[in-house]
Amino acid sequence: MQRMDRTALAARVARDIPEGAYVNLGIGAPTMVGNFLPRDKDIFLQSENGLLGMGPAPAEAEIDWELINAGKQPVTILAGGAYFHHGDSFAMMRGGHIDICVLGAFQVSVHGDLANWHTGAPDAIPAVGGAMDLAIGARQVFVMMDLLTKTGESKLVANCTYPLTGLACVSRVYTDLAVFDVGPQGARVVEMVDGLDLDKLRELTGVDLELA
Amino acid sequence: MINKIVGSMAEAVADLKDGASIMISGFGDAGAPAELIEAVIAHGATDLTIISNNAGAGEVGIAALMKANRVRKVICSFPRQAASHHFDARYRAGEVELELVPQGNLAARIEAAGAGLGAIFTPTGFGTLLAEGKETREIDGRNYVLEYPIHADFALVKARAADRWGNLVYRKVARNFGPIMAMAAKTTIVQVSEIVELGDLDPEAIVTPGIFVNRVVLNSAAATA
């Protein structure tokens, strides 16, 4: 069976983002989704630090450190873009104005609980940023992650064991091996990579799965 | 004639006291008033509570305050990041208390202070460690956490330009927490890279009206750059 790499996964997520959507892409791998959004369609990227209509990374000579994304990387603003303060930025999330956000995760439960901010390790310095606001604010929360940890444990779980970011907030999980819908009804398999079947996927994850 | 412009960074922060609470604008380095923070360090005030998105990275700004060991408590959303070593060391040594607040709740609590609200019910953080022990309420089928406003003695803010009444405009995403912090502190001190005449700022485009600003100081390094 052929795992999807990060790039292919980003492209897969991008396919589900329609024209007209207001979208927040989380730090890390989710940021790559922006590279695969069709340039000929109006899709509005929001950055939590006060930017709507975010464009791609600038050329070296055009870098402006007062035009950065949530990951503090330099970006650009599209014609028609806007700046705003943090109160407005988080009102966009909490108030349900952001259609889709894409986040990474440590764990997602079959009911859509999300754990992505803290490992719970006693010596870890916790940091949460905007993760909790995005998780409960965006109308749809997409998670993008590897299905298994490096040691082979499923990150799609019956119940999260890491500290929660939000309850019942994730709607869809894109992984290197399969795409799942999660929610009150449990996890449903939307698609799998070639060479994988439902039984094998149940064995890998250890959770109840049905086909969507 | 009212003129909120003061002559130097040192003069702008002269009435700081030990134990003061200080809001500091910025998201990383963007919008962080590094020169005002330098003046705070030179002033010598200590035992400070810092309210900001981050807890400092690298060697300047809030990181320099941490290095100088002037901070007793930090209220922020994202302390740990690449190069946050000065905060990390103080935190691990038990020398600084951390109140971790989701970023949107940080903004909303600052806004609540500026707007004179007694508290807010926010959906963010419900059911998580960061809402443990807090009052909750279900309103129209959605769960909320009771959170209180964050006030401060001072706000240190970076803006692009000001006039002598303290009207402000910002630059790009350096705006971030500036406008809401300016509203929430007893004394708001703003560093700018340009001072303009009254009337030069378009009233339709002023982001922070001067009512929220007490002092303006020109960062002459930025102005001549």
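Naming: A, B, ... by sequence-line order, numbering from 1 per chain. Bear in mind the structure is a predicted one, so any value in this text is a computation, not a measurement. No hydrogens, no waters, no symmetry mates; every other heavy atom, side chains included, goes into these values.
Sparse packing is recorded around CD of E60(A), with 12 or fewer heavy atoms of other residues, nucleotides or ligands lying under 6.0 Å away. In the displayed structure, R92(B) atom CZ is contacted under 6.0 Å by more than 12 heavy atoms of other residues, nucleotides or ligands. Heavy-atom contacts from other residues, nucleotides or ligands closer than 6.0 Å to CZ of R142(B) number more than 12. Counting non-hydrogen atoms of neighbouring residues, nucleotides and ligands closer than 6.0 angstrom, the CG atom of D40(A) exceeds 12 such neighbours. With a 6.0 Å radius and a threshold of 12 heavy atoms from other residues, nucleotides or ligands, I211(B) has its CD1 atom at or below the threshold. Atom NZ of K41(A) has 12 or fewer heavy atoms from other residues, nucleotides or ligands within 6.0 Å. Enclosure of atom CG in D202(B) by more than 12 non-hydrogen atoms of other residues, nucleotides or ligands within 6.0 angstrom is indicated. At most 12 heavy atoms of other shown residues, nucleotides or ligands fall within 6.0 angstrom of atom CZ in R6(A).
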Notebook entry, point to check: Can H86(A) and E111(B) be said to form a side-chain hydrogen bond (donor to acceptor under 3.5 Å, both in side chains), step by step?
Noted result: CA-CA 10 Å; H86(A) 252 76; E111(B) 289 187 293; over 6 Å; no
Margin query: Run the side-chain contact (heavy atoms from CB on, under 4.5 Å) test on F90(A) and N105(B) for me, step by step, so that the C-alpha distance in whole Å, both residues' side-chain angles and the decisive distance to 0.1 Å come before the verdict.
Written below: CA-CA 8 Å; F90(A) 282 78; N105(B) 284 357; over 6 Å; no
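Between the CG atom in D133(A) and the OG1 atom in T122(B) there is a gap of 6.5 Å [rounded to 0.5 Å]. To the nearest 0.5 angstrom, N53(B) atom CG is 7.0 Å from E48(A) atom CD. Distance check, rounded to the nearest 0.5 Å: OH of Y162(A) to CG of L129(B) gives 14.0 Å. Distance OG1/T124(B) to CD1/I136(A): 3.5 Å, rounded to 0.5 Å.
With a 4.5 Å cut-off on non-hydrogen atoms, D29(B) does not touch chain A at all. In this structure, chain A has a heavy atom under 4.5 Å from the side chain of F87(B), while its backbone stays farther away. For a residue to count as touching a neighbouring chain, one of its non-hydrogen atoms must lie under 4.5 Å from one of that chain's; by this rule T165(A) touches chain B with the backbone only. Heavy atoms of V101(B) lying under 4.5 Å from chain A belong exclusively to its backbone. Contact annotation for A107(B): only side-chain heavy atoms (C-beta onward) come within less than 4.5 Å of a heavy atom of chain A. Contacts between Y83(A) and chain B at a heavy-atom distance below 4.5 Å involve backbone atoms as well as side-chain atoms. Residue contact with chain A, scored on non-hydrogen atoms closer than 4.5 Å, is absent for L106(B). Looking at F126(B), the atoms closer than 4.5 Å to chain A (heavy atoms on both sides) sit in the backbone and in the side chain alike. Looking at D88(B), the atoms closer than 4.5 Å to chain A (heavy atoms on both sides) sit in the backbone and in the side chain alike.
Between P79(B) and I125(A) the shortest heavy-atom distance is CG-CG2, 4.3 Å. Scanning both residues, H85(A) and N176(B), for their nearest heavy atoms gives CB-O, 3.3 Å. Considering every non-hydrogen atom in both I68(A) and A30(B), the closest pair reads CD1-CB, 3.9 Å. For the pair A127(A) and F78(B), the tightest heavy-atom approach, listed with the atom from each and the gap, is CB-CD1, 3.6 Å.
With sequence neighbours left out, the side-chain contact (heavy atoms from CB on, under 4.5 Å) criterion links E62(A) to P58(A), A59(A).
Within the 3.5 Å criterion, the main-chain N or O of P123(B) finds no donor-acceptor partner in the side chain of R94(A).
The candidate with the highest count of non-hydrogen atom pairs below 4.5 Å against chain B, out of N49(A), L134(A), L51(A), is N49(A). Most heavy-atom pairs under 4.5 Å with chain B: of the set G50(A), P126(A), P163(A), this distinction falls to P126(A). When each of L67(A), I77(A), V128(A), D113(A) is checked for heavy-atom pairs under 4.5 Å with chain B, V128(A) comes out on top.
At least one side-chain heavy atom of N54(B) sits under 4.5 Å from a side-chain heavy atom of K72(A).
By a heavy-atom distance cut of under 4.5 Å, not one residue of residues 169-189 of chain A is near chain B.
A salt bridge does not link E66(A) to R160(B): none of the charged side-chain nitrogens sits closer than 4.0 Å to a carboxylate oxygen. R171(B) and D64(A) are joined by a salt bridge, as a carboxylate oxygen and a charged side-chain nitrogen come within less than 4.0 angstrom of each other.
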